[in-house]
Amino acid sequence: MVEDIEQRIYALARRYNGVYLMNNEAKQKLLNAKTDLDTDMQLDVTEAEDLMEEFFKKFDVDRGNFNINTYYPDEPFSWNPFKKSPVVMVPDFTIGMLIESAKAGKWLYD
């Protein structure tokens, strides 16, 4: 049962992992528990929201305090091209987090 959950989550993530013209199958297999939705899969906030909505519904996971802005905060904007924006630190947002939350039946992270 646990492996089934993991495989179903990987299948869900693969659908959001983009389309590759070359080596599609090889790149799709690179997903693992440490794969970050933002930095590794390069999902934008809308794609991540869609994935998470589907995740919560398909796996019947209580979303609790889940907030997409925790992982995709608003970035400071400046019209000044010479002004350096401060680096915004965000927590990891990994496939492993989805797997563990699906096993628990609730979102385990804040």
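Just so it is clear, the values below take in all heavy atoms, side chains as well, and ignore hydrogens, waters and symmetry mates.
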Within 6.0 Å of CG in D60, more than 12 heavy atoms from elsewhere: no
Is a side-chain N or O of T35 found less than 3.5 angstrom from the main chain of N32, in a donor-acceptor match? yes
Minimal non-hydrogen separation, I9 against I99, with atom names: CD1-CA, 3.5 Å
Can any side-chain N or O of Y72 pair as donor or acceptor with the backbone N or O of E49 at less than 3.5 Å? no
Minimum-distance pair of heavy atoms, taken over all atoms of T94 and K34: CG2-O, 3.8 Å
V61 and A102: which non-hydrogen atoms are nearest, and at how many Å? CG2-CA, 3.7 Å
Mind running side chain to side chain contact (heavy atoms under 4.5 Å, CB included) on L98 and L37 for me, showing each step along the way? CA-CA 10 Å; L98 275 65; L37 302 177; 4.2 Å; yes
Quick one: closest heavy-atom pair of A33 and Y10, and the distance? N-OH, 3.1 Å
Please lay out, stage by stage, how Q7 and I5 fare under the test side chain to side chain contact (heavy atoms under 4.5 Å, CB included). CA-CA 6 Å; Q7 294 308 315; I5 289 174; over 6 Å; no
Do the ring planes of W107 and Y109 sit parallel (below 30°), tilted (30 to 60°) or perpendicular (above 60°)? perpendicular
Tell me whether the count of non-hydrogen atoms from other residues, nucleotides or ligands lying under 6.0 Å of CG in D44 goes above 12. yes
Enter the distance from N67:CG to M52:CE here, rounded to the nearest 0.5 Å. 11.0 Å
Could you walk me through whether T70 and V90 pass side chain to side chain contact (heavy atoms under 4.5 Å, CB included), step by step? CA-CA 7 Å; T70 301; V90 296; over 6 Å; no
With side chains defined as the heavy atoms from C-beta onward, is the minimum distance between S101 and F55 less than 4.5 Å? yes
Which value, rounded to the nearest 0.5 Å, describes the distance between L51 atom CG and L43 atom CG? 6.5 Å
Under the ring-ring contact (aromatic ring centres under 6.0 Å, His included) definition, can you give me all pairs with a residue in residues 84-106, not counting sequence neighbours? Y71-F93
Begin from the C-alpha positions of E47 and M41 and carry the test side chain to side chain contact (heavy atoms under 4.5 Å, CB included) through to its verdict. CA-CA 10 Å; E47 294 168 323; M41 291 177 57; over 6 Å; no
Closest approach of K58 and R8, non-hydrogen atoms and distance? O-NH2, 3.5 Å
Indicate yes or no: does E100 engage K103 in a salt bridge with an N to O separation below 4.0 Å. yes
Which atom names give the shortest non-hydrogen contact between F59 and L12, and what distance separates them? CE1-CD2, 4.1 Å
